[in-house]
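Read through the structure below, which is laid out as structure tokens, and then see the notes.
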Amino acid sequence: MSTPVVTRFAPSPTGFLHIGGARTALFNWLYARRHNGKMLLRIEDTDRERSTQAAVDAIIDGLTWLGLTWEGAPISQFQRAGRHAEVARQLVAMGKAYYCYCTAEELTEMREHAKANGLPPRYNGQWRDRDASEAPAGVAPSIRIKAPLEGETVIEDGVQGTVTFPNKDLDDFIILRSDGTPTYMLAVIVDDHDMGVTQIIRGDDHLTNSARQKIIYDALGWEMPKVAHIPLIHGPDGAKLSKRHGALGVEAYRAMGYLPVALRNYLVRLGWAHGDAEVLSTDEMTALFDLEGIGRSPSRFDFVKLENLNGLYIRQTPDEELLDHVVKLLDYIPQGPELRAKLNDKTRAQMLAAMPGLKERAKTLLELIDGAGFLFSSRPLAYDDKAQALLDAAGKATLAAVLPALAALPEWKAEAIEAVVRDYATAAGLKLGKVAQPLRAASTGRAMSPPIFDVLAILGREEALGRIGDAAA
RNA sequence: GCUCCCAUCGUCUAGCGGUCUAGGACGUCGCCCUCUCACGGCGAAAACACCGGUUCGAGUCCGGUUGGGAGUGCCA
């Protein structure tokens, strides 16, 4: 066997785990599992200004909810700053990097000047070959890598193929800040190396960074892990993902009532395909996932398709499990506490009994909860407009007419109720719908619900007859 | 501006020179089922961005145009 596969997910804790990050994590997770390797989690918190513990927690919470697991404890990049600085100094000692005494102001000016003259905004290398004795007093230097001036840097990318960058476009970028902390470029390569990462899978926005990182790897004489850059996810309008559409934290998807399994399935198919396979269990996607199947163009996030998939998984999930999902979701939605208060053995059993009818009609857990509303409402019911319309004079008359037969039922079961209602409809010369709809309005307050005979049975004789009586009056 | 990447139905995609009168899925529109809404079943409309090459033959290869995207920080 060759060396074991090690992947990593390396988010920066400056916000929640957004959908693009979630997909990157999923791909890394899948790739590692596919190759019997492991995925590591590294928190890129070297930006002390913007990194927060709340964001770290949100990322871990998001990954956990999505069912993505990693090996060992999350690694804090910041805590490895000493090691990064050591490598930077080593590079200077090797003559592969140098101290730069330019101030931030000088650099900004340099960039603006270049821009104004239509030139690429690059560092001019003014300290590249200067002796340290020329250093101005009182200026803390940063360390810059000596990037090759000529030739080209070639990246063999698992998704993008061979990508070539002219070295003249890559400047001597900073690897260690003047305050002694590492920049992303250095920290990433040192950590990936030390962690034994063999395959990097990350967003397309890092493609050009690969060229810079290759320069550091080469300077150090280290072998660069294999890289694969996956295209970014765009919003439905093709523009960058904004908060309006998909750039929500995964916890937002949880609150919208999506199932982790559905989100995983949706995400894996966004930018990756294996023939015509659309619905993939986690085991199936693990067995099938490969870099070759990843497309090279950015894809748009489509909530409608996610919903369809979610509905499919809801229907496929066993009733008890679904109920568990619903109960857990209560912690994350506004109406949660109120519903939780109404949840007891009886309503729980009712909900379970109603589940087959409920889950067929819901695309999200939220819709499922909404559909179960009739179980939690109490008399007198509030009727929505359509229900109200159903309960006109004719509707009320019909209800009043079936009520006695219903009340006389020896056994309160769906089949028995159905038989009585059908008999009545036939006798009265009415289509079944003419009787069923008023019953539905009376018992649920709405014009749509699971099959009405099931609804009445689950409600229980007393409650059902009470509601019908209320509406008939 | 410069560098790099991308381009098949509205969307996600299959396609890896002939089997493509371009397939699947979501969505849309019909029809069926039916106590409502769904589910399910059947069917329909819907795409190779454009222009040049290469080739006996191009959605598939090459170049250009146009259109998207990313990068260009002492952010990651």
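Sequence lines set the chain letters: A, B, ... in the order given, protein chains first and strands last, and positions in each chain run from 1.
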Seminar exercise, completed: Between CD1 of A:Ile294 and C1' of B:C12 the distance, given in whole Å, is 15 Å
Problem set entry | Selected nucleotide, minimal atom distance to A:Met185 side chain, candidates B:A76, B:C74, B:C12 | B:A76
Exercise. Is there a donor-acceptor contact under 3.5 Å linking the side chains of A:His325 and A:Thr317?
Worked result: no
Exercise. What is the nucleic acid contact for A:Ser299, judged by heavy atoms within less than 4.0 Å: base, sugar-phosphate only, or nothing?
Worked result: sugar-phosphate
Write out a two-atom table: protein N or O, nucleotide N or O from nucleotides 3-6 of chain B, distance below 3.5 Å.
unit_1	atom_1	unit_2	atom_2	d
B:C5	O2'	A:Gln160	OE1	3.2

Exercise. When the nearest nucleotide of RNA chain B is assigned to A:Thr181 and to A:Arg23 on a heavy-atom basis, which residue is associated with the more 5' position?
Worked result: A:Arg23
Exercise. Can you tell which of B:U11, B:G23, B:A76 lies closest to the side chain of A:Tyr184?
Worked result: B:A76
For this session: Tell me whether the guanidinium CZ or amine NZ of A:Arg42 lies under 6.0 angstrom from the six-membered ring centre of A:Phe9 and within 45° of its axis.
Result: no
Exercise. Hey, is the side chain of A:Asp205 pairing donor to acceptor with the base of B:G71 inside 3.5 Å?
Worked result: no
Exercise. Touch check for A:Thr46, heavy atoms < 4.0 angstrom, all strands: base, sugar-phosphate only, or nothing?
Worked result: sugar-phosphate
Exercise. Checking all strands, does A:Gly271 fall into the base, sugar-phosphate, or nothing category for heavy-atom contacts under 4.0 angstrom?
Worked result: sugar-phosphate
Exercise. Heavy atom of residues 47-59 of chain A under 4.0 Å from RNA chain B: which residues?
Worked result: A:Asp47, A:Arg50
Exercise. What class does the angle between the rings of A:Trp272 and A:His274 fall in, given that below 30° is parallel, 30 to 60° is tilted and above 60° is perpendicular?
Worked result: parallel
For this session: Taking the six-membered ring of A:Tyr383 (Phe, Tyr or Trp), confirm whether the NZ or CZ of A:Arg446 is under 6.0 Å from its centre and within 45° of its axis.
Result: no
Seminar exercise, completed: Protein heavy-atom contacts under 4.0 Å, written 5' to 3' over nucleotides 27-47 of chain B as B (base), S (sugar-phosphate only) or - (none), form the string S-------BBBBSS-------
